[in-house]
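These notes concern the structure reproduced below.
The shown structure was predicted, so the numbers you read here are calculated from the model rather than taken from an experiment.
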Amino acid sequence: MLTKEQKKNYISEMTTQFENSKAVMVTHYQGLTMTQLDELRAKMREHGIIFKITKNRITKLALEKTKCKDLSDLFTGPTAVAFGEDAIMSARILSKFAKDNENLKLIGGIMDNEVLDQAGVQNVASLPTLDEARANIVGILNAPASKLVSILLAYSEKMSSLSAENSETQPKE
């Protein structure tokens, strides 16, 4: 049992996390062992994501004052929340872990101010991360430049071979 002071601190901490996180993913974890939960937390922590088991009734009180208040209905049963800055990475890690461990269920979440259902979280998990998108753009931009360079090199090689042939075919004086 939490004391009144501990409840106030919990509500304050959760309110702050809901307000300051760009991505909030809600899961059910019933049936996961402590070892599995620790493994998931470690994976999430590597990417700056906090994975926290919640107290539903008190968490709903914290949600009332935040941009995430629409998630209140998701807090039933054994619930855990992932707080982070990168919705794609949060959704990816949770989705991959859920595939390997059927006891973890993705219920929904919020990305910036958009509420996501279970299918929405799966869609976000399939998106490329910002770094992957940047790499793709650089690859697309690099391709025409490398083709242009190869065309110019081929042209200059052809010109040099033609000039060499011309000098051989002309009579020497």
Look at atom [atom1] of [X] and say whether more than 12 heavy atoms of other residues, nucleotides or ligands are closer to it than 6.0 Å.
| X | atom1 | result |
| --- | --- | --- |
| K43 | NZ | yes |
| E19 | CD | yes |
| K65 | NZ | no |
| E114 | CD | no |

Considering all heavy atoms, the nearest [X]-[Y] contact:
| X | Y | result |
| --- | --- | --- |
| I110 | C68 | CG2-SG, 3.7 Å |
| N103 | G31 | ND2-O, 3.1 Å |
| L37 | F51 | CD2-CE2, 4.0 Å |
| T54 | M14 | CG2-CE, 3.8 Å |
| A91 | V121 | CB-O, 3.6 Å |
| R92 | A125 | CG-O, 3.1 Å |

From [X] atom [atom1] to [Y] atom [atom2], the distance as rounded to the nearest 0.5 Å:
| X | Y | atom1 | atom2 | answer |
| --- | --- | --- | --- | --- |
| K99 | L94 | NZ | CG | 12.5 Å |
| S12 | Q17 | OG | CD | 10.0 Å |
| E13 | F18 | CD | CZ | 11.0 Å |
| T27 | L104 | OG1 | CG | 5.0 Å |
| N9 | K7 | CG | NZ | 12.5 Å |

Test item: [X] and [Y] side chains (from C-beta on) under 4.5 Å apart, heavy atoms:
| X | Y | value |
| --- | --- | --- |
| T79 | L74 | no |
| D112 | K67 | no |
| N101 | Y29 | no |
| M89 | E46 | no |

Quiz item: Is there a donor-acceptor contact under 3.5 Å from the side chain of S95 to the main chain of Q122?
Solution: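 Not a single qualifying donor-acceptor pair exists.
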Self-check item: Short side-chain to backbone donor-acceptor contact, T15 and I11, under 3.5 Å
Solution: yes
Quiz prompt | side chain to side chain contact (heavy atoms under 4.5 Å, CB included) between H47 and D86, intermediate numbers included | solution = CA-CA 9 Å; H47 298 281; D86 186 354; over 6 Å; no
Quiz prompt | Electrostatic pair E64:K60 at N-O distance under 4.0 angstrom | solution = no
Practice problem: Show the numbers, then the answer: is there a side chain to side chain contact (heavy atoms under 4.5 Å, CB included) between R41 and I53? | Solution: CA-CA 10 Å; R41 279 190 181 109; I53 293 174; 3.5 Å; yes
Practice problem: Check step by step if side chain to side chain contact (heavy atoms under 4.5 Å, CB included) holds for L32 and F97. | Solution: CA-CA 11 Å; L32 289 178; F97 196 86; 4.2 Å; yes
Practice problem: Decide yes or no on side chain to side chain contact (heavy atoms under 4.5 Å, CB included) for V24 and L71, but give the supporting numbers first. | Solution: CA-CA 9 Å; V24 177; L71 297 178; 4.0 Å; yes
Quiz item: Which residue, L63, I107, I58, forms the side chain to side chain contact (heavy atoms under 4.5 Å, CB included) with F75?
Solution: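 Exactly one option meets the side chain to side chain contact (heavy atoms under 4.5 Å, CB included) with F75, and it is L63.
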